[in-house]
Trainee: 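A single structure is presented below for examination.
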Amino acid sequence: MNATHNFYDINKFPKEYGIIVFPISIARAQNGTGQDPKQCLEYLYHFSPSKVSAPKIGLNVVYSDSLYLHSDLPAASLKERFSKIILAHKNALSRLLDKDRERFQIQHAFSYEVWNQLYLSYQGDFTSDFARFRKMYDADPLFQKYVAEDAKYAGRELDDNQTNFFLEEHLIVYSLSKRKISLPNEYIMGREEWVLVCYPGVPLKAQIYTMQMNPFNLNDQTNPYQNHWYDLESRRLTDMSKVDLEVYNYQYPN
């Protein structure tokens with residue numbers, strides 16, 4: 001891997017309109033788990049104002065609630081639990097942003113969505129495309145190998161629910177990066193020319209593999225971040241199309 005070209009922080013965001021996407025893991029949304037409201041605000045402090053070239057950036061917070069329905073637990077209990085977590089997180093983050101209006105003046109640049117809304121904003125039939133993606137996985141031993149290694153790295157048991165969890169997550173990140181999912185943002189109003197997915201942690205091997213295999217042959221040349229992942233913890237931008245998966249081991253080169 002070439003550290004110079006594959007792993008680095010962002011100097012400045014493009015001057016064109018764009019959207020930063022914060023997918024919020026339900027498991028990490030509460031205090032001290034990596035994506036609680038105060039930590040999200042700290043991530044934003046790293047971006048603003050030092051990396052802002054022009055006031056043309058929106059932030060879409062996406063809560064991954066229905067992704068966790070890949071589970072044998074009762075849907076009703078999951079719904080009640082996740083609704084409380086999402087509402088508490090959204091309200092607390094909104095209050096923090098409002099309190100710091102000197103830095104985050106454009107309040108309507110912040111948008112909040114749940115996972116189900118991404119299905120409706122998907123250009124095409126997400127259900128059929130996910131079924132096709134699952135068939136690709138079932139027929140590809142290397143893809144299966146990377147998912148199994150990811151499960152071990154994450155400390156997850158790889159049953160069918162967990163496999164579908166990983167695969168749906170990877171397909172959504174791929175679709176967001178390729179702008180196959182329209183993101184509602186009152187401030188940007190569909191003018192975005194770039195979208196960047198940001199999450200605390202290194203990209204998983206199967207996510208990198210998904211970007212490299214480009215399962216639906218998408219190419220969004222307008223978006224300079226169409227193959228990228230930004231790690232909010234390490235403050236590193238990864239061009240996943242250039243990562244050598246034969247040597248990548250969930251670590252950045254020194």
Side-chain angles (χ1 to χ4, degrees), residues 1-14 18-25 27-29 32-36 38-53 57 59-62 64 67 140 142-156 158 162 165-178 194-215 220 223-254:
M1 288 183 294
N2 188 320
T4 302
H5 296 292
N6 290 342
F7 305 98
Y8 48 86
D9 198 358
I10 294 169
N11 183 28
K12 289 282 187 181
F13 287 113
I19 292 179
I20 297 169
V21 183
F22 272 19
I24 302 296
S25 170
R28 303 183 71 180
T33 53
Q35 287 189 297
D36 61 79
K38 289 184 179 179
Q39 185 61 65
C40 286
L41 191 69
E42 289 299 320
Y43 296 144
L44 288 174
Y45 284 156
H46 178 61
F47 288 155
S48 178
S50 63
K51 299 185 184 302
V52 176
S53 300
I57 301 175
L59 176 76
N60 281 52
V61 178
V62 179
S64 60
L67 182 60
D140 187 341
L142 188 56
F143 200 177
Q144 295 165 24
K145 173 179 177 289
Y146 290 139
V147 169
E149 290 176 0
D150 291 340
K152 183 178 180 180
Y153 171 75
R156 306 282 182 85
L158 192 60
Q162 185 60 56
F165 181 105
F166 278 139
L167 293 179
E168 182 171 336
E169 184 177 46
H170 299 335
L171 183 56
I172 287 290
V173 169
Y174 166 77
S175 301
L176 286 167
S177 300
K178 300 292 185 179
W194 58 269
V195 171
L196 177 61
V197 176
C198 301
Y199 187 81
V202 298
L204 296 179
K205 290 184 179 182
Q207 182 67 73
I208 295 171
Y209 187 67
T210 297
M211 304 304 285
Q212 292 183 355
M213 70 185 289
N214 193 3
D220 183 4
N223 183 18
Y225 302 124
Q226 67 165 324
N227 295 310
H228 288 70
W229 171 282
Y230 188 86
D231 180 349
L232 292 164
E233 287 181 343
S234 69
R235 300 176 178 178
R236 302 222 194 179
L237 182 71
T238 300
D239 183 345
M240 291 183 281
S241 69
K242 296 180 180 179
V243 175
D244 184 351
L245 279 168
E246 290 187 4
V247 298
Y248 177 73
N249 194 31
Y250 309 101
Q251 294 179 340
Y252 300 112
N254 294 325

Trainee: Apply side-chain hydrogen bond (donor to acceptor under 3.5 Å, both in side chains) to the pair Asn223 and Lys178, showing each step before the final yes or no.
Mentor: CA-CA 8 Å; Asn223 183 18; Lys178 300 292 185 179; over 6 Å; no
Trainee: Within the 4.5 Å heavy-atom criterion, are His46 and Lys51 side-chain neighbours or not?
Mentor: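 In contact.
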Trainee: Work out which heavy atom in Gly201 is nearest to a heavy atom in Tyr252; give both atom names and the distance.
Mentor: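 What the structure gives for the nearest pair is O-OH, 4.4 Å.
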Trainee: Determine yes or no for a side-chain-to-main-chain donor-acceptor pair under 3.5 angstrom, with Asp244 supplying the side chain and Glu246 the backbone.
Mentor: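 Yes.
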Trainee: Is there a donor-acceptor contact under 3.5 Å from the side chain of Asp231 to the main chain of Pro200?
Mentor: no
Trainee: Atom CG of Leu237 and atom NE2 of His228: how far apart are they, to the nearest 0.5 Å?
Mentor: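 The NE2 atom of His228 is 4.5 Å from CG of Leu237, to the nearest 0.5 Å.
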Trainee: Going through the distances and angles, do Leu204 and His170 end up as a side chain to side chain contact (heavy atoms under 4.5 Å, CB included)?
Mentor: CA-CA 9 Å; Leu204 296 179; His170 299 335; 4.1 Å; yes
Trainee: Closer than 3.5 angstrom, by distance alone: can the side chain of Gln212 be matched with the main-chain N or O of Val243 as a donor-acceptor pair?
Mentor: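 Judged by distance alone, yes, a pair lies under 3.5 Å.
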Trainee: Do side-chain atoms of Trp229 reach the backbone of Gln207 as a donor and acceptor pair under 3.5 angstrom?
Mentor: no
Trainee: Does any non-hydrogen side-chain atom of Val173 lie less than 4.5 Å from one of Tyr199?
Mentor: no
Trainee: Counting distance only, does the side-chain N/O of Thr210 pair as donor-acceptor with the main-chain N or O of Ala206 below 3.5 Å?
Mentor: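 Yes: the side chain of Thr210 pairs with the backbone of Ala206.
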Trainee: Could you tell me whether a side-chain N or O of Gln35 sits under 3.5 Å from a main-chain N or O of Ser25, the two making a donor and an acceptor?
Mentor: yes
Trainee: Does any non-hydrogen side-chain atom of Asn60 lie less than 4.5 Å from one of Phe22?
Mentor: no
Trainee: If I take atom CD from residue Gln39 and atom CG from residue Leu44, how far apart are they, to the nearest 0.5 angstrom?
Mentor: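 Interatomic distance, Gln39 CD to Leu44 CG, rounded to 0.5 Å: 10.5 Å.
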Trainee: So do Phe13 and Tyr225 actually touch side chain to side chain, heavy atoms under 4.5 Å?
Mentor: yes
Trainee: Within this structure, what is the OH-CZ distance for the pair Tyr153 and Arg156, rounded to the nearest 0.5 Å?
Mentor: 11.5 Å
Trainee: Heavy-atom count check: over 12 atoms from other residues, nucleotides or ligands less than 6.0 Å from Lys38 NZ?
Mentor: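 Incorrect, the count does not exceed 12.
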Trainee: Can any side-chain N or O of Ser241 pair as donor or acceptor with the backbone N or O of Asn227 at less than 3.5 Å?
Mentor: no
Trainee: When rounded to the nearest 0.5 angstrom, what distance separates CG in Leu142 from NZ in Lys205?
Mentor: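 Between atom CG of Leu142 and atom NZ of Lys205 there are 10.0 Å.
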Trainee: What are the two closest heavy atoms between Phe165 and Leu67, and how far apart are they?
Mentor: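 It is CD1-O, 3.4 Å.
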Trainee: What heavy-atom pair brings Ser64 and Ile24 nearest, and what distance separates the two atoms?
Mentor: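 Taking Ser64 first and Ile24 second, the nearest heavy atoms are OG-O, 2.9 Å.
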Trainee: If we check ring-ring contact (aromatic ring centres under 6.0 Å, His included) with Tyr209, which of these qualifies: Phe143, Tyr174, Phe166?
Mentor: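 That would be Phe143.
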Trainee: Which heavy-atom pair separates Pro23 from Cys198 by the least distance, and what is that distance?
Mentor: CD-O, 3.1 Å
Trainee: Atom OH in Tyr230, atom OH in Tyr43: separation rounded to 0.5 Å?
Mentor: 10.5 Å
Trainee: Given the rule in the salt bridge (charged side-chain N to carboxylate O under 4.0 Å, His left out) test, do Arg28 and Glu233 qualify, once you have shown the distances and angles that lead to the verdict?
Mentor: CA-CA 13 Å; Arg28 303 183 71 180; Glu233 287 181 343; 3.1 Å; yes
Trainee: Quick one: closest heavy-atom pair of Lys12 and Ser53, and the distance?
Mentor: CB-OG, 3.3 Å
Trainee: How long is the gap from OG on Ser234 to CG on Asp9, to the nearest 0.5 Å?
Mentor: 8.5 Å
Trainee: State which residues pass side-chain hydrogen bond (donor to acceptor under 3.5 Å, both in side chains) with Asp150; sequence neighbours excluded, sorted by chain then number.
Mentor: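 Partners of Asp150 under the side-chain hydrogen bond (donor to acceptor under 3.5 Å, both in side chains) test: Tyr250.
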Trainee: What I'd like to find out is whether the side chain of Ile19 reaches to under 4.5 Å of the side chain of Ile57, using heavy atoms alone.
Mentor: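 Counting from C-beta outward, Ile19 and Ile57 never come under 4.5 Å.
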Trainee: Between Thr33 and Ala27, which heavy-atom pair has the shortest distance, and what is it?
Mentor: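 It is CB-O, 4.0 Å.
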Trainee: Could you tell me if Arg235 sits above the aromatic ring of Phe47, with its cationic atom closer than 6.0 Å to the ring centre and no more than 45 degrees from the axis?
Mentor: no
